[in-house]
Structures are given as C-alpha cells and as structure tokens.
Amino acid sequence: MNEHPLEQLIRKLPKAELHLHIEGSLEPEMMFALAERNEIVLPYASVEEVRAAYNFTDLQSFLDLYYAGASVLVTEQDFYDLTWAYLRRAQADHIVHTEIFFDPQTHTARGIDFLTVIEGIRRALAQAEKQFGITSKLIMCFLRHLSEEDGFATLAEAMPYLSRIDGVGLDSGERGNPPEKFARLFARCAELGLPAVAHAGEEGPADYIWQALDLLKSRRIDHGVRCTEDPALVARLAKEQIPLTVCPLSNLKLCVVDDLAKHNLRELLAAGLVAMVNSDDPAYFGGYLNTNLTASRAALNLGAGELIQLISNSFVASWLPEHDKTFWLAEVRRIAAEEGYAA
Ligand code: ADE
Ligand code: ZN
C-alpha cells in the first residue's frame with residue numbers, strides 16, 4: 001500500500017515520548033532469549049504462542065501477562081539490553097527525548113536489587129545520549145494495587161539513588177485504587193523534590209483525575225482520556241495547561257475504546273488540552289510511537305496541523321530545560337515547513 005503523505009511528516013519530525021513503561025517494551029523474542037539466559041521456564045512454547053496470548057479484555061488482563069513477562073529480567077545486563085532495544089527503536093522513530101517509567105516493585109518483590117534495575121536502565125540511557133543524542137528522564141512508578149506502606153518501603157530503597165531518579169509516577173490496576181490512597185507517599189516525594197505524574201482516567205473515573213491533581217500534585221496526567229466525561233475538569237486541564245499523555249493503541253488493545261475511530265484525541269486537542277501521543281507498552285499493544293501516530297492519523301483522519309500540534313505538545317509537556325524545548329519546537333516548525341506544511 002502507498003504511504004500517506006503525512007506519514008512522511010510523522011517520520012521526519014523530531015519527537016518526545018513521555019509515557020513508556022520500559023517493562024512494556026519487552027518483545028517476545030527478547031522474553032525468550034532472556035528466559036533461556038536465566039534458565040527460566042516460560043508457560044509458552046514459542047514466540048508465536050506469546051503473541052497469540054496478547055488478546056486483552058481490560059487493563060487487568062494485560063497486567064497479568066506484563067508482570068509475568070517481567071520475571072525474565074534478572075541481571076543488570078538484562079535491564080540494559082531491554083532499555084537499549086527500546087532506545088534503538090526510539091532512534092528509528094526519530095525520538096530525540098524520552099521520559100521512561102520503571103516499576104521497581106515488580107523486580108524487588110522477586111529478590112532483584114534496586115541497584116541492579118536502575119544501573120542497567122541508566123547505563124543504556126547514558127549510552128543513547130552519547131551515541132544517538134537522545135536525552136532522557138527516568139520516572140519511578142509505584143504500583144497502586146499494592147499498599148501505600150509498600151510504596152514507602154520502595155521509596156526508602158530508592159533513597160541512595162535519588163540523584164538518578166527524575167520523578168515519580170503511579171501505575172498498575174486503576175479500578176478500586178484511587179490516587180487518594182497514595183496522598184502521604186506523594187507528599188513525601190514532593191518534600192524530597194521529586195516531581196509527580198500519575199495514571200488517571202484510563203479505566204478509572206474523572207474523579208481520579210481531580211484526585212491526581214489535587215492530592216498528588218500530578219504535573220501531567222497519564223492517559224486521562226475519561227476527562228471528557230466532566231466538562232469542569234476539561235476546563236481546568238485547559239486553563240492550567242496540564243498535559244495528557246495519551247496512548248491510542250493501548251486504549252484500543254485494553255478496550256478503553258472499541259474502535260480507534262471513536263478515540264477522543266481530536267476532541268482533546270480541540271478543547272485546547274496539551275495532549276500528545278505515546279506508546280505505553282509497545283511490545284504488547286502492536287506498535288511504537290510512529291505506529292501510534294500513523295494509526296491515529298488514519299483512524300481519525302488527522303490533518304497536518306493536528307499532527308504538528310501533537311508533536312509540539314510532546315516537547316511542551318516534557319521536563320526538558322526551557323532552552324531545549326525552544327530549540328526542538330523551532331526544529332519541528334522548520335522541518336514541517338521544509339516538508340511543505342506551515343506550522
Ligand atoms: N503499567 C503498564 N502499562 C500500564 C497502563 N496502561 N496502565 C496502568 N499501568 C500500567
Ligand atoms: Zn501507562
């Protein structure tokens with residue numbers, strides 16, 4: 001099939017990715033290779049069998065496989081290899097800045113040292129900056145299906161390495177685990193100077209987005225697509241320019257929407273929200289960043305202006321220093337103009 005002209009624009013523009021779980025970039029091929037290296041027996045006979053199991057009905061049905069898959073990650077080299085594989089794909093998609101999540105509790109609960117995890121990830125991030133010029137931030141997520149006490153224990157383990165952590169997040173099963181459950185933990189993180197983000201309004205109600213803003217002081221909302229159920233919330237997100245890190249293929253695979261053509265991404269942009277596109281767990285949801293952008297373009301018939309807005313928003317919402325944001329926003333405009341699209 002011929003490439004749509006806007007797909008070339010998507011490929012050529014520099015981009016930032018702000019919602020990527022590094023454990024969610026574990027491709028089945030690597031899952032098998034690491035299982036063999038670490039002498040772990042997987043409950044699947046082949047890579048094809050793993051892929052065939054990726055038929056999710058909701059967030060929890062995905063999380064069950066995602067946590068099981070992460071059990072092959074054992075050594076510092078495993079975490080390096082995982083992160084490096086993502087960064088190579090990021091470079092291929094012309095991502096110039098990435099802010100990645102990691103879930104330490106998934107690993108420390110299996111007896112893996114916190115240091116093993118963070119050293120492997122950080123070594124790959126440093127290598128990517130040197131070799132590809134990709135800058136990055138690392139965000140430590142707390143698992144919301146666990147207790148706040150468990151979160152405090154993880155924060156205590158992280159204390160010696162805080163200089164290597166750029167912020168904190170909240171992920172895992174949203175239903176029944178409201179942000180308010182973690183208000184004291186996030187207040188402590190704020191005292192330590194760690195900026196916060198939180199998953200909210202993916203499967204959970206709009207009220208969880210209010211809680212993430214008011215009780216966790218979340219600077220961005222991860223997903224946030226259910227905000228449109230509450231016009232007063234949309235007005236606030238627009239007024240305060242709180243970014244939403246939207247993940248269209250994730251929403252489709254986890255049945256948050258039953259058809260990508262019904263996704264509210266365009267509505268979010270039209271309401272003046274700082275929304276952008278991300279891949280979430282690309283190995284599980286069928287595509288990395290450019291695939292998310294091209295699939296969204298096709299399903300929603302997004303125009304050049306909307307794509308340029310989404311990609312510009314990825315830099316506006318990032319935690320890059322202001323002068324870097326200004327530089328990349330000018331690059332987006334320059335390259336768009338070169339391609340024949342006035343921004
Ligand atoms: N952990 C990994 N992906 C997630 C998602 N989409 N929602 C909540 N927790 C996650
Ligand atoms: Zn996520």
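Numbers here simply count residues along the sequence, with the first being 1. Everything numeric here is computed off the predicted structure, so don't read it as measured data. Scope of the values below: all heavy atoms of this structure, side chains included, with no hydrogens, waters or symmetry mates. Counting starts at 1 for both ligands and their atoms, in listed order.
Open room surrounds CD on E36; 12 or fewer heavy atoms of other groups in view lie less than 6.0 Å from it. Surrounding CD of E39 are at most 12 heavy atoms belonging to other residues, nucleotides or ligands under 6.0 Å away.
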Enumerate, atom names and distances included, each donor-acceptor pair closer than 3.5 Å involving a side-chain atom of residues 181-196, sequence neighbours excluded.
residue	atom	partner	partner atom	Å
K181	NZ	R144	O	2.7
K181	NZ	L146	O	3.1
K181	NZ	N177	OD1	2.9
R184	NE	E148	OE1	3.0
R184	NH2	E148	OE1	3.0
R188	NH1	E191	OE1	2.7

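Between F62 and the options D280, T57, L254, a side-chain contact (heavy atoms from CB on, under 4.5 Å) holds for only L254.
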Before you tell me yes or no, could you show the steps for V246 and H223 under side chain to side chain contact (heavy atoms under 4.5 Å, CB included), namely the whole-Å CA-CA distance, both residues' side-chain angles and the distance that decides it to 0.1 Å? CA-CA 5 Å; V246 178; H223 293 292; over 6 Å; no
- Does the pair E99 and H97 meet the rule for a side chain to side chain donor-acceptor pair (under 3.5 Å), with working shown? CA-CA 7 Å; E99 302 189 356; H97 178 72; 2.7 Å; yes
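Relative ring orientation between F114 and F102 is described as perpendicular, the plane-to-plane angle rising above 60° on a 0-90° scale split at 30° and 60°. By the 30° and 60° cut-offs, the orientation of the rings of F285 relative to F56 is perpendicular.
There is no side-chain donor-acceptor pair under 3.5 Å between Q91 and Y86.
Neither the backbone nor the side chain of E174 comes within contact range of ligand 1; no heavy atom lies under 4.0 Å. Contacts between L59 and ligand 1, counted as non-hydrogen atom pairs separated by less than 4.0 Å, involve the side chain only. Proximity of Y66 to ligand 1, defined as any heavy-atom pair under 4.0 Å, is confined to the side chain (atoms from C-beta onward).
Atoms of ligand 1 lying under 4.0 Å from any heavy atom of H223, numbered from 1 in the order shown and given with element: 6 (N). Numbered from 1 in the order shown, with element, the atoms of ligand 1 that lie under 4.0 Å from a heavy atom of D280 read 3 (N), 5 (C), 6 (N). Heavy-atom proximity to F62, at under 4.0 Å, picks out these atoms of ligand 1: 2 (C), 3 (N). The contact set between ligand 1 and E202, taken as ligand atoms under 4.0 Å from a residue heavy atom, comprises 5 (C), 6 (N), 7 (N), 8 (C).
Residue contact check for ligand 1: E203 places no non-hydrogen atom closer than 4.0 Å to it.
The Zn ion (ligand 2) has no N, O or S atom of C247 under 2.8 Å away, backbone or side chain. Residue side and main chain included, H223 places no N/O/S atom under 2.8 Å of the Zn ion (ligand 2).
The NE2 atom of H19 and the OD1 atom of D280 meet at the Zn ion (ligand 2) at an angle of about 80°, given to 10°.
For ligand 1, none of its N or O atoms has an N or O atom of Y67 under 3.5 Å away.
Closest heavy-atom approach to atom 8 (C) of ligand 1 within the set A200, S172, G24: this belongs to S172.
Protein heavy atom at the shortest distance from atom 3 (N) of ligand 1 is D281 OD2, 2.6 Å. Annotation: atom 1 (N) of ligand 1 to nearest protein heavy atom, H21 CE1, 3.5 Å.
Geometric assessment of R236 against the ring of W210 yields a negative cation-pi assignment under the 6.0 Å and 45° thresholds.
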